[in-house]
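Here the structure is laid out as structure tokens; the discussion comes afterwards.
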Amino acid sequence: MNGNDRSVLLKLDEVSLSYRSKRTSFEHGQHRVLNRVSLELYQGETLGIIGRNGVGKTTMLQLMAGILAPTEGRVWQMPGKSSSLLTLGLGFKPDISGRDNALLAAMLQGSTQQQAKSYLEDIKAFADLGDSFEEPVKTYSAGMRARLGFSSALRTHVDSLLVDEVLSVGDAQFRAKAESAMKERIGGEQTVVFVSHMESQVKQLCSRVIWINEGRIAAEGEPSVVLQDYKQNIHSKK
């Protein structure tokens with residue numbers, strides 16, 4: 001089934017986003033992060049977004065989630081549908097426990113307090129934090145924070161799940177576990193937008209890929225083709 005046979009859940013229509021900057025290299029003091037970007041997200045697909053650091057990938061996810069508003073253009077979402085940005089450490093407070101942070105994170109991702117409480121034991125088990133789950137997050141290593149962040153964020157239940165680099169952290173064992181959990185989630189009817197620098201993950205998880213370069217869509221299509229174009233572009237600039 002191709003994208004045209006499915007419902008469009010979310011659409012960016014000629015979307016641009018700029019902000020004021022004191023850097024003289026930017027025209028009229030404006031830094032344009034995205035420049036007239038248009039795309040459609042289809043129900044049930046996993047759309048990958050690739051590109052160098054700073055080209056606007058995370059900004060696109062924030063626009064899709066409604067966290068940012070475009071300077072120009074329009075972001076449309078099918079009425080009655082929801083989107084949520086899955087990012088590590090959302091709302092984490094260093095002085096409270098992993099349990100309390102997991103509760104807050106789940107609620108920030110759209111769960112009710114009752115739903116969030118029902119997730120806590122699953123989050124503890126998946127994150128493999130043991131007794132540390134009851135300790136303040138400021139005592140955690142970076143890897144422990146990553147495990148808690150992913151485990152909390154994975155509990156989100158929305159129509160469009162927007163995933164920002166969450167599978168590229170933690171040790172190899174946890175990354176494999178996280179990839180497996182994400183594959184299971186994608187294997188259902190979940191619609192996903194997935195930002196990652198890891199080529200293997202993009203190939204395994206995504207059905208379509210968009211390459212963002214200098215605020216525009218440079219290429220779009222089958223993952224292996226777009227990834228090859230992207231790699232050739234990087235090598236040509238070295």
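The two atoms that bring A146 and F174 nearest to each other are O-CE2, 4.4 Å, heavy atoms only. Nearest heavy atom pair, residue V33 against residue Y19, reads CG2-CE2, 3.5 Å. When all heavy atoms of Y230 and G51 are compared, the closest pair comes out as OH-C, 3.2 Å. Closest non-hydrogen pair, C206 versus L47, comes out as SG-C, 4.3 Å. Considering every non-hydrogen atom in both Q201 and S196, the closest pair reads OE1-OG, 3.2 Å. Scanning both residues, I217 and E220, for their nearest heavy atoms gives CG2-CB, 4.4 Å.
Interatomic distance, K11 NZ to M78 CE, rounded to the nearest 0.5 Å: 10.0 Å. In this structure, Q62 CD and L68 CG are separated by 4.5 Å, a value rounded to the nearest 0.5 Å. Between K93 atom NZ and D100 atom CG the span is 11.0 Å, to the nearest 0.5 Å. From I123, atom CD1 reaches atom CG of L129 across 10.5 Å, with rounding to the nearest 0.5 Å. Within the model, atoms CD1 of I49 and CG of L61 stand 5.0 Å from one another, a figure rounded to the nearest 0.5 Å. In this structure, OG in S16 is found 7.0 Å from CZ in R36, a value given to the nearest 0.5 Å.
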Q | Worked check of side chain to side chain donor-acceptor pair (under 3.5 Å) between E134 and S132 | A | CA-CA 5 Å; E134 315 303 335; S132 295; over 6 Å; no
**Q.** CA sep, side-chain torsions, deciding dist, call: D159, T191, side-chain contact (heavy atoms from CB on, under 4.5 Å)
**A.** CA-CA 6 Å; D159 298 294; T191 304; over 6 Å; no
Q: I would like to know whether K231 and Q228 meet side-chain contact (heavy atoms from CB on, under 4.5 Å); could you show each step before the answer?
A: CA-CA 5 Å; K231 287 193 294 184; Q228 184 62 32; 3.8 Å; yes
Q: Could you go through the side-chain contact (heavy atoms from CB on, under 4.5 Å) check for K124 and Y119 one step at a time?
A: CA-CA 9 Å; K124 178 181 178 180; Y119 300 154; over 6 Å; no
Q. Is there a side-chain contact (heavy atoms from CB on, under 4.5 Å) between V37 and E14 once you walk through the steps?
A. CA-CA 5 Å; V37 170; E14 295 283 300; over 6 Å; no
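A salt bridge links E199 to K203: one of the charged nitrogens lies within less than 4.0 Å of a carboxylate oxygen. Of the charged side-chain nitrogens involved, none lies within less than 4.0 Å of a carboxylate oxygen, so that D128 and R147 do not count as a salt-bridged pair. Ion pairing between R99 and E121 holds under the 4.0 Å rule for side-chain N and carboxylate O.
A distance-only check finds no donor-acceptor pair linking the side chain of S84 to the backbone of L161 [under 3.5 Å]. In this structure, N101 contributes its side chain and S97 its backbone to a donor-acceptor pair below 3.5 Å. Remark: the backbone N or O of S224 is paired with a side-chain donor or acceptor of E222 at under 3.5 angstrom. Judged by distance alone, with hydrogens and angles left aside, the side-chain atoms of K57 form no donor-acceptor pair with the main-chain N or O of D164 at under 3.5 Å. No donor-acceptor pair under 3.5 Å is formed between the side chain of E179 and the backbone N or O of K183. For the pair S152 (side chain) and A106 (backbone), a donor-acceptor distance under 3.5 Å is absent. Side-chain N or O atoms of T71 include one that pairs as donor or acceptor with a backbone N or O of S18 at under 3.5 Å. Under a 3.5 Å cut-off, the side chain of Q190 and the backbone N or O of G44 do not form any donor-acceptor pair.
For CD of E184, the number of neighbouring non-hydrogen atoms (other residues, nucleotides, ligands) closer than 6.0 Å is 12 at most. Residue R208 places its CZ atom among more than 12 non-hydrogen atoms of other residues, nucleotides or ligands, all under 6.0 Å distant. The local environment of CD in Q232 is crowded, with over 12 non-hydrogen atoms from other residues, nucleotides or ligands closer than 6.0 Å. More than 12 heavy atoms of other shown residues, nucleotides or ligands fall within 6.0 angstrom of atom NZ in K177. A 6.0 Å sphere centred on CD of Q204 holds more than 12 heavy atoms belonging to other residues, nucleotides or ligands.
At a threshold of 4.5 Å between non-hydrogen side-chain atoms, the residues Y42 and S7 do not count as touching. With contacts defined as side-chain heavy-atom distances shorter than 4.5 Å, the pair R216/L34 does not qualify. Counting heavy atoms from C-beta outward, I50 and V202 have side chains that approach closer than 4.5 Å. With a 4.5 Å cut-off on side-chain heavy atoms, Q113 and L104 do not count as touching. Counting heavy atoms from C-beta outward, D95 and P136 have side chains that stay 4.5 Å or more apart. V55 places none of its side-chain heavy atoms less than 4.5 Å from the side chain of N53. In this structure, V15 and E72 have side chains that are not in contact, with every pair of non-hydrogen atoms separated by 4.5 Å or more. Inter-residue side-chain proximity for T59 and L63 is flagged as met; some heavy-atom pair is nearer than 4.5 Å.
By the criterion of side-chain heavy atoms lying less than 4.5 angstrom apart, applied directly or through intervening Ile, Leu, Val, Met, Phe, Trp or Tyr residues, V225 is not grouped with L39; the two fall into different hydrophobic clusters.
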